[in-house]
Structures are given as C-alpha cells and as structure tokens.
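For reference, the structure is listed below as structure tokens.
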Amino acid sequence: MITAIRGTHDILPGEVEKWHYVERTARRLCERYGYVEIRTPIIEREELFTKGTGETTDIVQKEMYSFTDKGGERVTLRPEATPSMVRAYVEHSLEQVLPATKLFSLGPMFRYERPQKGRQRQFHQLDVEVFAMSDPAIDAEVIDLAWTLVNELGIGQAELLINSVGCKACRPAFQQALVAALGDDLPKMCQDCQRRARTNPLRIYDCKVEADQPIIDRLPHAIDYLCEACAAHFAGVRAHLDAFGIPWRISHRLVRGLDYYTRTTFEVLGQTIGAQNALLGGGRYDGLVESLGGPDRPGIGFAAGLERLVLALPDSVSATRPRRAFVVAIGEDARGAALTLLRELRAAGLAADMEFESRGVRAQMKRADRLKAYVTLVVGGDELARGEVTVRDMATGAQRPVARSAVIETVRTALTGRETTEA
Ligand code: AMP
C-alpha cells in the first residue's frame, strides 16, 4: 500500500464540510470588508522566498521544499503567501488596476517541519494583504477582520496579542540594546540564540528553550525603543482597537519569525491544540515591496491556519449536506423511467440519487436510508401505468401517490433551500 507523505493529510468527506464552512465564512467576511480574491501559483522561484521571507529565517534555512526542475531552475513550493502576493502586486501593477489593493487568498503552504497536532508539512492558510496604505486605521481594519473571523466562526476564548517592532530608523538601537543586555549570559544560551544574536537578535524572542527563558524575560522591550513616528503609529492602532471594543494585550515577545516585519505585529491565540495555539498571525511590512523590486509601498497582512480554525470550531458546527431525493425503481422495466426522473430532478437543481448496482427494492431502500435521503420516489409498473410516482417522506414513513407531472414541484417543496444536519 502507498500511503500519504508524512505531515500531509487527506481531508475526507464528513470533515470537508467544516472546511467549506470556514472557507465560506472567510470569503464572505473578506468581501464585506472590501478584499478581493487572488490566486497565485503554489510553485515560485526560490529567490522569491530567500529574498522575501528572509535568508536568516527558520523557514528559509530549514523548512523549504526546494528543488531544481528539469529546466535547471531552482523552484520552491511556497512556505507562505506574502512574497507571492507582493510579486503579483508588482508584476501586474495591481495598484493601477484595482481601486484599492486589498487582497485575500486561500490555499496550501508547504514547510518541512516536525509534524504534530496542529502542525503539518502541507497546511492551508487564509492570507489577507493590503498594499500602499500606511495609516494606523488600516492596521486596525486588518486586525478587526482577523478578530471578527475568529468570532464569526464561533471560536471562543481567543486572545489578541499586539506589539510594535519599530522601523529601519529605530530598530538598530533596540537590537544593540538587546545584544548589550545579553552580555555574559549569551554563551549560556542555546546554539540557535547564539546564532540569532549575530544574525537577527530580535529572533531571540522566538526561543522556546526552557533554560533560556529567565534570560529572555530580563531583556529590553521593543516598544521602549520606538521612534516618535512608530510610537504615534502604535498608539493610533491601540486607540482604534479600543474604539472598536476589541480587547488586546501587548506581548513583548511578539517579534514574529520573519525578517520583513515593521511596526505592528499581532497574533490571535486560541486554546492550545497540542503545543500550538496561534490561530493566525501577521503584521506590517513597509520595506518588503521595494526589496522585491517594486515601488516603495507599505504593506500589512496576516495569515490564518485553516487546520487550526477547523480544529477550534465549536462542536455545534457539524457537517451539513443538501437534502436529497432518492429514486427507487421496482423491476427492470421501470429503470428507464426512473433514470429519466433522476435526470429531470437534477436538471431542476435538486440533489437526487439512485442505486445502480443492486436491483432489489429492499437494497435500494437501504441505500436511501444510508444516504439519509429526505424523500424517496418509487417508480414501478403500476405507478407508471397510472401516470404516477409514489412519494415517501423518509422521516415519517408517510407515502402518497403524486401525478408524474407534479413530481418535480412536490420534491422541490420538500427539499428546497434548507440543509439537513448530519449526525
Ligand atoms: P506564519 O505564516 O508562520 O505566521 O503562520 C500563520 C498561521 O499559519 C499560524 O498561526 C498557524 O495557524 C498556521 N501555520 C503555520 N505553520 C503551520 C503548520 N506547519 N501547520 C499548520 N498550521 C500552520
């Protein structure tokens, strides 16, 4: 037997309906907030991520699915969506094409991580990005969208964390202060932290090693080193969130794992799933568009993990399917008429099925039960002769003859519009 690759999963019927629910809710919400959908390829040039995500990040150093294709080109299965969104924004001059560049996308991402509950090698994200807007109000809109999504999905006990990591102007002073504060403690820290102190000291805040935590707790905080403009921006974001009534908490450790963040960073935490509790995360990236060869435009966005949203859904969200009809043929002679009726039902926009293999009426009724059919239509020699079909309500067992010409409308009344909840 050939099995699925470690860290990848099949999303099976019964589960996929929850995905539809999450995706539908996300799409509707994005549209309400004025975001338009974009779909970019899952495969890109490797340099998009080495330059965009950043050479010193864990993603680029350890987690990328990169290979040389048959044409000799280095390509990568995207580990995150933001660089692709930036590429598409620049490549198609989207700011000239769209009235406002507010984009969203849904799709798979690939990272070679150690798989565990809530962490996979192929996972899926909703990605939301805004370009060319720098006012704190747009940061607040993006955070509001993320927060509202979690709430509309019915996910309780979520927590919003925010921070500001400053900009090109004020970050160097903070980095220096960090390294200075480490002082004699640095050689006692893990290898990763020692490397981070050289390459990107902010990343020390990402360290999960137990023994390093007391040292990290004593380190200075980014928000104490913000320049005037960054401090005013962060105050603006908090004021908007307060006005919206969205509760937030500052987390000094929220520096996020990527190189490109500036100013606002945020995460929404859910209840812990295994060791993972971040439902979504994002922030502002004012230098990224330019560093990828585009004009000097700010950007802000977030990515939500769909696996984690699906896992966090309340139990009351169960799989739903449209109500369906089932056609039963009594005897070989009635099969042609039954198939014609089946096709008519489907052409009329109604969900309908029939048993093709097993001819016995009992077996057909059993199949109707298993499919949780809402109504069954019995087509037999006697009924055909009278120009009728027997309509059976599967919930009550009540049966009545209906004129063949009125069957479609009778079924429509029984089925339409509503959905039935699967057990
Ligand atoms: P990131 O792009 O790392 O900021 O991640 C954004 C969100 O994507 C996280 O908050 C998670 O919900 C989700 N996510 C990231 N990596 C994984 C993974 N390996 N498996 C499942 N979900 C993930």
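Just the heavy atoms: all of them, side chains too, but no hydrogens, waters or symmetry mates, feed the values below. In each ligand, atom 1 is the first atom listed, and ligand 1 is the first ligand listed.
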Problem set entry | His124 and Trp19 aromatic ring geometry - parallel, tilted or perpendicular at 30°/60° bounds | perpendicular

Problem set entry | Check: Glu47 main-chain N/O paired with Arg74 side-chain donor or acceptor under 3.5 Å | no

For this session: Would you check if Pro295 and Glu95 make a side-chain contact, meaning some heavy-atom pair closer than 4.5 Å?
Result: yes

For this session: Report all protein residues having a heavy-atom distance below 4.0 Å to some atom of ligand 1; order the list by chain, then number.
Result: Arg111, Glu113, Gly118, Arg119, Gln120, Phe123, Gln125, Arg256, Ala278, Leu279, Leu280, Ala303, Gly305, Arg308

Problem set entry | Arg196: partners by side-chain hydrogen bond (donor to acceptor under 3.5 Å, both in side chains), with sequence neighbours left out | none

Distance-only check: which donor-acceptor pairs under 3.5 Å involve side-chain atoms of residues 228-238, not counting sequence neighbours?
residue	atom	partner	partner atom	Å
His233	NE2	Asp139	OD1	3.4
His233	NE2	Asp139	OD2	2.8
Arg238	NE	Phe234	O	3.3

Exercise. Listed by chain and number, what are the salt bridge (charged side-chain N to carboxylate O under 4.0 Å, His left out) partners of Arg39, not counting sequence neighbours?
Worked result: Glu37

